Amino acid sequence: MKYDFSQIEKKWQGIWDEKNTFAATNDYSKPKYYALVEFPYPSGQGLHVGHPRSYTALDIVARKRRLQGYNVLYPMGWDAFGLPTENFAIKNHIHPAIVTEQNVARFKQQLKSLGLSFDWNREINTTSPEYYKWSQWIFLQMFKHGLAYKKEMAVNWCTSCKVVLANEEVVNGCCERCGGEVVRKVKSQWMLKITEYAQRLLDDLDEVDYIERVKTSQANWIGRSTGAEVKFGTTAGEELLIYTTRPDTIFGATYMVISPEHPYLKLWADKISNMDEVAAYQEEAAKKSDFDRTEMAKDKTGVKLVGVEGINPATGKNIPIFVSDYVLMTYGTGAIMAVPGHDTRDWEFAKKFGLPIIEVVKGGNVEEEAFTDCATGIMVNSGMLDGLSVEDAKVKIIDWLKEQGKGEAKVNFKLRDWVFSRQRYWGEPIPMVYCEKCGWVPIDESELPLRLPDCESFEQTDDGQSPLSKMTDWVNTTCPHCGGPAQRETDTMPQWAGSSWYFLRYMDPHNENELASKEAMEYWGQVDWYNGGMEHTTLHLLYSRFWHKFLYDLGLVSNKEPYAKRTSHGMILGENGEKMSKSRGNVVNPDDIIKEYGADTMRLYEMFIGDFEKSAPWSTSSIKGCKRFLDRLWALNDMVVEGSEYSKELETPFHKTIKKVSEDIESMKFNTAIATLMSLLNEIYDHKSINKAELKTLLSLTQPFAPHIAEEMWELNQLGGMANETKWPEYDEAKCIDSTVEIVVQLNGRIKSRIVVPTAASKDELLAAAKADAVVKAEMEGKNIVKEIVVPGKLVNIVVK
RNA sequence: GCCGCUGUGGUGGAAUCGGCAGACACACCGGACUUAAAAUCCGUUGAGGGCAACUUCGUACGAGUUCAAGUCUCGUCAGCGGCACCA
């Protein structure tokens with residue numbers, strides 16, 4: 001009988017659907033396992049071959065866990081708010097909700113055709129009011145706890161489209177759509193105080209099992225640094241607060257720099273005699289887009305303040321103050337002490353402006369370049385610090401500054417607060433109202449969800465307001481506080497909002513009264529295993545950890561961290577080794593692959609393609625090897641004999657395979673797990689028959705990877721029940737060991753012979769057997785043994801002279 | 001510039017603790033079956049030398065540690081991804 005994959009796959013997908021085979025139960029007495037993949041953005045292009053890599057991987061884990069007796073939650077949903085849909089809607093004059101609906105339908109059909117064991121009863125969609133009600137609710141709690149606030153922020157503004165752009169839409173300083181110039185424009189925006197959680201977000205990385213590179217990039221993104229805040233006196237009177245990570249080098253501070261946005265410039269305006277020049281520089285800096293500022297990074301610019309000088313608290317000397325855009329207002333205090341001898345940027349600036357460079361840490365040549373090494377240097381030219389190491393000097397100077405009331409130790413983070421407003425239509429409305437009398441007032445929780453009003457046009461206004469601002473009926477409302485006239489917030493939430501808590505909703509997706517019941521959240525607890533792309537490690541992953549910690553503080557969830565384990569898959573590249581994209585013309589459509597080879601082959605190939613964590617190029621010819629494997633598996637149907645125990649010849653191979661496949665799935669080495677199954681199949685072919693006990697194990701191991709063919713063969717051979725209901729096969733460590741093993745015999749590290757010995761042979765027996773070998777014996781003739789190395793199970797190496 | 005990842009046959013990739021480099025596949029070549037092709041099955045395949053047994057070289061490059069290095073240490077180069085003056 002032919003392996004008719006399309007008929008088989010359709011059949012089993014129908015049966016699983018009908019029987020609700022993969023539904024997570026509400027039987028809270030069973031041990032639970034929560035496997036999660038990032039829910040997709042349902043784009044108009046349909047599923048990409050990259051999606052199934054992650055989905056199949058955790059599908060394998062989920063299917064294995066079910067056989068291991070767990071109540072498994074493996075859900076799927078749609079992260080459906082976002083720009084491409086909105087842009088498509090604008091262009092084609094279709095409501096984004098309709099576009100979303102169509103895209104979701106397509107994605108769902110495609111995912112189903114892959115035989116993924118998602119629990120479709122728990123499907124969620126971030127754009128449905130039942131869902132975003134709770135995104136809005138969480139926002140309100142944040143506002144009430146002082147974590148949401150309004151702030152004037154620079155946004156990207158396309159001068160030709162007259163539209164506010166997201167950072168993703170700005171390519172090389174130009175508008176992604178029209179190529180027009182993008183500048184910064186200041187707008188009042190909602191912000192979320194993620195910085196308040198910076199330390200906890202960093203510390204709790206120790207508690208979770210994330211792959212190392214995810215942890216390091218999160219830690220780098222948070223960017224904690226320790227140093228000191230020091231007050232420098234000025235001739236203007238006011239003290240200027242600076243931040244430094246190298247307080248030890250204070251004696252080498254020969255000038256100061258403040259950012260062009262620093263408020264003291266306004267304060268000192270009439271004391272600065274060259275204020276015209278300074279103001280011109282400020283204006284120049286303000287005009288620069290982020291891109292320009294980056295471009296200028298190489299060349300330092302600045303203006304010296306005439307009329308105001310700083311006073312170094314350590315030396316008591318007057319030093320000049322400069323304004324320069326290499327100092328950012330958004331980090332530290334917006335002002336620095338410049339130590340050109342020991343900071344590369346300060347060194348460059350000092351060279352350009354002819355400022356004195358003083359060596360205060362010995363070890364380099366400060367005339368040639370800044371000496372920044374903290375580990376080896378010794379303090380010089382630093383008064384009381386002379387002779388100390390950098391580390392000791394830091395401690396001593398901070399103590400001294402503290403005594404003088406001039407400074408203290410201070411920790412800073414690179415992490416910035418989260419800009420939470422978007423001037424867009426297709427997002428969750430922010431449930432806030434502005435009242436002239438009461439300021440920003442949250443709407444009453446009973447009014448949630450605040451529905452996105454229907455709209456004809458989804459374009460921003462000419463001055464960059466959200467499309468919602470045109471809906472005056474909706475905008476004009478009454479103040480929930482005083483009852484007077486008021487206006488709704490017309491900005492919407494960013495796409496990251498819905499994905500910051502979605503894993504909780506899966507636990508209890510139809511709950512109308514809470515985001516999820518306490519009971520469900522207690523039971524499902526943390527996500528046990530979360531897999532997703534590296535591109536989400538710093539934004540989505542950090543944002544959702546932040547929201548979760550906030551919910552933890554409210555007492556809603558019982559874990560500090562949402563995800564116990566996080567892994568990441570590599571990208572699937574085009575056949576030419578480049579990133580797949582429409583413009584490169586190297587996109588592979590999963591539908592075509594499924595049609596030609598079947599879902600099982602597709603799944604198998606995506607797992608066999610290479611190291612799961614690394615990117616791998618697609619290969620249309622390699623996929624045939626996986627199809628061939630399934631054809632050969634199917635052909636076993638004609639080789640099945642009765643038998644309730646493993647046959648003698650295949651016993652060890654089977655135990656070994658169970659062990660290897662079991663372990664490889666846990667460590668995401670799907671490619672070698674499949675290679676092992678292929679080897680086993682080759683051995684079965686050598687053996688010329690397979691009995692039912694063996695077939696049962698083989699199909700149980702294959703089922704997570706290629707579920708349709710496994711179910712069909714299971715049924716055909718009447719193995720009882722369904723393949724997805726059986727128990728995960730067990731292995732006996734003792735039966736994984738072959739009775740004999742081949743040992744390599746080396747002389748001076750070169751292989752001379754191979755001997756077959758009992759696996760249990762002792763070191764002495766191995767050595768004796770090696771020496772007894774004819775070739776070895778002849779080569780050793782007349783030579784002295786210097787050293788003998790015996791590694792049981794591997795080799796014997798004899799060093800002779 | 002900084003951070004992270006990677007570098008192994010013609011190709012994708014294997015190789016727990018330092019212990020037989022190239023598992024498992026793809027492709028190629030040869031053979032069987034066939035009128036023929038496809039499919040399938042069997043076999044060869046890192047490079048060089050030798051009739052052969054065998055032997056030399058070989059994991060980006062250069063050093064080092066070791067009986068033994070793809071694996072560890074130091075340095076260099078190349079590619080990919082991220083960040084962008086964070087004091």
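This is a predicted model, so every value here is computed, not measured.
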Would you mind reporting whether A:Glu613 and A:Ile211 have side-chain heavy atoms less than 4.5 Å apart? yes
Can you check the distance between B:rU45 and B:rG10, where both ends of the measurement are the P atom (answer in whole Å)? 15 Å
Donor-acceptor pair, side chain of A:Arg53 and main chain of A:His569, under 3.5 angstrom: no
In whole angstrom, give me the gap between the C1' atoms of B:rG58 and B:rG48. 10 Å
When you look at A:Arg566 and A:Glu38, which way does the salt bridge (Lys or Arg N to Asp or Glu O under 4.0 Å) test go after all the steps? CA-CA 11 Å; A:Arg566 167 79 182 193; A:Glu38 285 165 352; 2.9 Å; yes
More than 12 non-hydrogen atoms from neighbouring residues, nucleotides or ligands closer than 6.0 Å to CD on A:Glu666, yes or no? yes
Measure the shortest side-chain to side-chain distance between A:Val796 and A:Leu767 over non-hydrogen atoms and say whether it is less than 4.5 angstrom. yes
Of all residues at least two apart in sequence or in a different chain, which pass the side-chain hydrogen bond (donor to acceptor under 3.5 Å, both in side chains) check with A:Glu368? none
Taking atom C1' in both B:rG18 and B:rU65, what distance in whole Å separates the two? 11 Å
With rounding to whole Å, what would you report as the distance between B:rA23 and B:rA14 at their P atoms? 13 Å
5' to 3', nucleotides 6-18 of chain B under a 4.0 Å protein heavy-atom cut-off (B base, S sugar-phosphate only, - none) gives S-----BSSS---
Which atoms of nucleotides 40-46 of chain B (N or O only) lie under 3.5 Å from a protein N or O atom, and what are those distances?
from, atom 1, to, atom 2, distance (Å)
B:rU40, OP1, A:Arg628, NE, 3.4
B:rC41, OP1, A:Arg632, NH1, 3.2

Hey, does the side chain of A:Asn637 reach the backbone of A:Trp634 with a donor-acceptor pair shorter than 3.5 angstrom? yes
How would you list, by chain and number, every residue that makes a side-chain hydrogen bond (donor to acceptor under 3.5 Å, both in side chains) with A:Asn671, sequence neighbours excluded? none
Can you tell me if A:Lys352 uses its side chain to pair, donor with acceptor, with the backbone of A:Gly302 under 3.5 Å? no
Among residues at least two apart in sequence or on other chains, which ones pass ring-ring contact (aromatic ring centres under 6.0 Å, His included) with A:Tyr255? A:Phe322, A:Phe349
Whichever of A:Gly332 and A:Ile789 has its nearest RNA chain B nucleotide further upstream toward 5': A:Ile789
Any side-chain heavy atom of A:Asp664 sitting closer than 4.5 Å to one from A:Phe670? no
Atom pair distance, as rounded to whole Å: CG in A:Leu795 and P in B:rG19: 9 Å
Please state the C1' separation for the pair B:rC74 and B:rA69 - nearest whole angstrom. 15 Å
Using a cut-off of 4.0 Å on non-hydrogen atoms, how would the nucleic acid contact of A:Thr244 be classed: base, sugar-phosphate, or nothing? sugar-phosphate
Please measure how far the P atom in B:rA21 lies from the corresponding atom in B:rC28, and state the result in whole Å. 30 Å
Quick test of your reading of the model: are A:Asp738 and A:Lys656 salt-bridged, counting only N-O distances below 4.0 Å? yes
Just N and O in the side chain of A:Thr344: are any of them under 4.0 Å from OP1 or OP2 of B:rC85? no
Send over the distance from A:Lys414 NZ to B:rC83 C1', rounded to a whole Å. 8 Å
Can you check the A:Gln218 CD to B:rG4 C1' distance for me, whole Å? 14 Å
Using the C1' atom as the point on both nucleotides, what is the distance between B:rG22 and B:rC57, in whole Å? 16 Å
Who passes side-chain hydrogen bond (donor to acceptor under 3.5 Å, both in side chains) against A:Asp209, sequence neighbours left out? none
Taking B:rU34 as the reference, what is the distance to B:rG70 when you measure between their C1' atoms (whole Å, please)? 46 Å
Of the nucleotides B:rC85, B:rC26, B:rA87, which one has an atom closest to the side chain of A:Asp343? B:rA87
Can you name the residues that form a ring-ring contact (aromatic ring centres under 6.0 Å, His included) with A:Phe413, not counting sequence neighbours? none
Can you tell which of B:rA27, B:rC85, B:rA23 lies closest to the side chain of A:Tyr326? B:rC85
Reckon A:Thr538 touches a base, only the sugar-phosphate, or nothing at all at heavy-atom distances under 4.0 Å? nothing
Any protein N or O atoms within reach of nucleotides 51-57 of chain B? Criterion: under 3.5 Å, listing atom names and distances.
from, atom 1, to, atom 2, distance (Å)
B:rC57, OP2, A:Arg750, NH2, 3.4

Stems in RNA chain B, runs of 3 or more consecutive Watson-Crick or G-U wobble pairs with both distances under 3.5 Å, sorted by first number, are B:1-7 with B:77-83, B:10-12 with B:24-26, B:29-32 with B:40-43, B:46-49 with B:54-57, B:60-64 with B:72-76
Could you check whether A:Ser679 gets within reach of a base, just the sugar-phosphate, or nothing at all, counting any heavy atom under 4.0 Å? sugar-phosphate
Donor-acceptor pair, side chain of A:Thr537 and main chain of A:Gly533, under 3.5 angstrom: no
Quickly work out the A:Tyr331 OH to B:rA87 P distance and round it to whole Å. 4 Å
Any donor-acceptor pair under 3.5 Å linking the side-chain atoms of A:Thr567 with those of A:Tyr210? no
Results of ring-ring contact (aromatic ring centres under 6.0 Å, His included) for A:His48 - residues two or more places apart only: none
For A:Asn220 and for A:Asn412, locate the closest nucleotide of RNA chain B by heavy-atom distance; then report the residue assigned to the nucleotide nearer the 5' terminus. A:Asn220
Without decimals, in angstroms, what is the distance between A:Tyr243 OH and B:rC85 C1'? 16 Å
Expected label for B:rC17 (glycosidic angle, syn inside 90° of 0, else anti) would be syn
Looking at residues at least two apart in the chain, or sitting in another chain, which of them share a side-chain hydrogen bond (donor to acceptor under 3.5 Å, both in side chains) with A:Asp773? A:Ser753
Integer-rounded Å distance: B:rC85 C1' and A:Phe322 CZ: 17 Å
What is the glycosidic conformation of B:rG9: syn, defined as within 90° of 0, or anti? syn
Students often get this wrong, so: under 4.0 angstrom with heavy atoms, is A:Val799 touching a base, only sugar-phosphate, or nothing? sugar-phosphate
Applying a 4.0 Å non-hydrogen cut-off, can you work out what A:Thr245 is touching in the nucleic acid: base, sugar-phosphate, or nothing? sugar-phosphate
Length of the line joining A:Phe349:CZ and B:rC85:P, which is rounded to integer Å: 16 Å
Are any side-chain N or O atoms of A:Asp248 and backbone N or O atoms of A:Ala393, one a donor and one an acceptor, separated by less than 3.5 Å? no
Figure out the CD/C1' separation between A:Glu578 and B:rG79, and round it to whole Å. 13 Å
A:Val327 has its side chain closest, among B:rC24, B:rC20, B:rA87, to B:rA87
Atom pairs, protein N/O to nucleotides 68-75 of chain B N/O, distance under 3.5 Å:
none

